[in-house]
Amino acid sequence: MTSYDLQMNSDGSVQLQNENLKNIDVDFLYHFGIDNKTTNLEKAFGDVNFVVMGGSEGRMESFAKALYNHLKDKLPDLDPQCAQNDLAKKGGRYVMFKIANTLILNHGMGFGSLSIALHEVLKLLFYAKAKNLTFIRMGTCGGVGQEAGTICITKTGYTQLIEPYFPYAACGKVIKLPSTACDETIKNFSEHVDRAGLTYAIGNTVSTDDFYEGQGRTDGAFCHYTSEEKLQWLRELSSVHNVINFEMEACLFIASCNRAKVKSLCACAAMLNRLNGDQITSPKEKLGEYVEKLMNVVIEFVSAPFEK
Ligand code: R2B
Ligand code: URA
């Protein structure tokens, strides 16, 4: 495995590893529709400490509104328009909001769109000279031995072939990036989850390219394994590898944050326990409630610096 010093940058800033950027006059963050010449990135984003990402646009919009409502009385100078002001609108691919010291954006489903968003947001915060950064993925997942509603916090992100690193393809070659998250952040966050009275689990997450066969579902368009083989695999993931959940981004999310030497955390609300089935059948309101409870913990977590 490519060995990286997993020591985070002491001032919590982003560390890029690309000498070529020094020779680029204007860097266009194409998918955000932002560049480092027309926008003064240091002024606009220099005070960011938290980056909160999740799959869907709508969820991140709601999160931005809820965080604004939570902070507006504590921070009288907060721009009343900040939860409506989509900073990535020009790019037409992602939504992005900045509420006080928190940057909020969606990353879509799976590694492809997540990877693009991470390259561009890491560069943005590097140019902005932002410090004391923590990146949080707030998502949904399928629990493995965890009931619906459980908050699953990732220790190490695994590949769909159950490897404890992210195999990053770079110019036709694979580099293996360590994908273990920051212990201290996991501990701090889990204390917040505990205080909110929610059930949580800390363990390993399998991040797949696919929601169906990749996660051993038997209800996709194709399936050539039996239900017994599926269950045997799921039980082995739990007992041998301490896997608590499936989703589609954590392994890359943590690996990229480690590479940039910033702290990371992945917390996902389980939509079902995969030991009991494949289809997500709980009512929409119930699923929304699970996500909302997780959102509220993340709000408390990122607002902590403003609490008296
Ligand atoms: C969780 O939910 C999505 C698939 O339904 C995917 O983005 C993920 O990681
Ligand atoms: N997201 C996933 O990737 N898998 C699930 O089972 C639920 C949400």
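Each ligand, and each atom within it, is numbered from 1 in the order the structure gives. None of the values given here were measured: they were computed from a predicted structure.
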Which protein N or O atoms sit under 3.5 Å from any N or O of ligand 1? Give each pair with its distance.
from	atom 1	to	atom 2	distance (Å)
ligand 1	2 (O)	Thr140	OG1	3.1
ligand 1	7 (O)	Glu249	OE2	2.7
ligand 1	9 (O)	Arg137	NH2	3.2
ligand 1	9 (O)	Met248	N	2.8
ligand 1	9 (O)	Glu249	OE1	2.5

* Should the ring pair His31 and Tyr94 be called parallel, tilted or perpendicular, given that the plane angle runs from 0 to 90° and is split at 30 and 60? -> perpendicular

* Asked: Below 4.0 angstrom, N of the basic side chain to O of the carboxylate: do Glu289 and Lys286 qualify?
  -> yes

* Do the charged groups of Lys90 and Asp35 touch, with an N to O distance under 4.0 Å? -> no

* Glu147 and Asn276, any side-chain heavy atoms less than 4.5 Å apart -> yes

* Protein heavy atom at shortest distance from atom 5 (C) of ligand 2 -> Gly142 N, 3.3 Å

* Asked: Is NZ or CZ of Arg259 both nearer than 6.0 Å to the six-membered ring centre of Tyr168 and within 45° of the ring axis?
  -> yes

* Asked: Any link between Ile116 and Ile34 through a network of hydrophobic side chains (Ile, Leu, Val, Met, Phe, Trp, Tyr) touching at under 4.5 Å?
  -> yes

* Tell me whether Ile153 is reachable from Val243 by hopping between hydrophobic residues (I, L, V, M, F, W, Y) whose side-chain heavy atoms are closer than 4.5 Å. => no

* To do: With heavy atoms of Glu247 as the reference, note each atom of ligand 2 found under 4.0 Å away.
  => 3 (O)

* To which protein heavy atom is atom 3 (O) of ligand 2 closest, and what is the distance rounded to 0.1 Å? -> Gln215 NE2, 2.9 Å

* Are Phe246 and Ile202 co-members of a hydrophobic cluster defined by side-chain heavy atoms under 4.5 Å apart? -> no

* **Atoms in ligand 2 flagged as close to Met248, the criterion being non-hydrogen separation under 4.0 Å** => 3 (O)

* Considering only non-hydrogen protein atoms, determine which one is nearest to atom 6 (O) of ligand 2 and report residue, atom name and distance to 0.1 Å. => Arg217 NH2, 2.6 Å

* Atoms in ligand 2 flagged as close to Leu272, the criterion being non-hydrogen separation under 4.0 Å -> 6 (O)

* To do: Mark yes or no for whether Asn245, through its side chain, and Cys141, through its backbone, hold a donor-acceptor pair below 3.5 Å.
  => no

* For atom 7 (C) of ligand 2, which candidate among Gly55, Cys141, Gly143 provides the closest heavy atom? -> Cys141

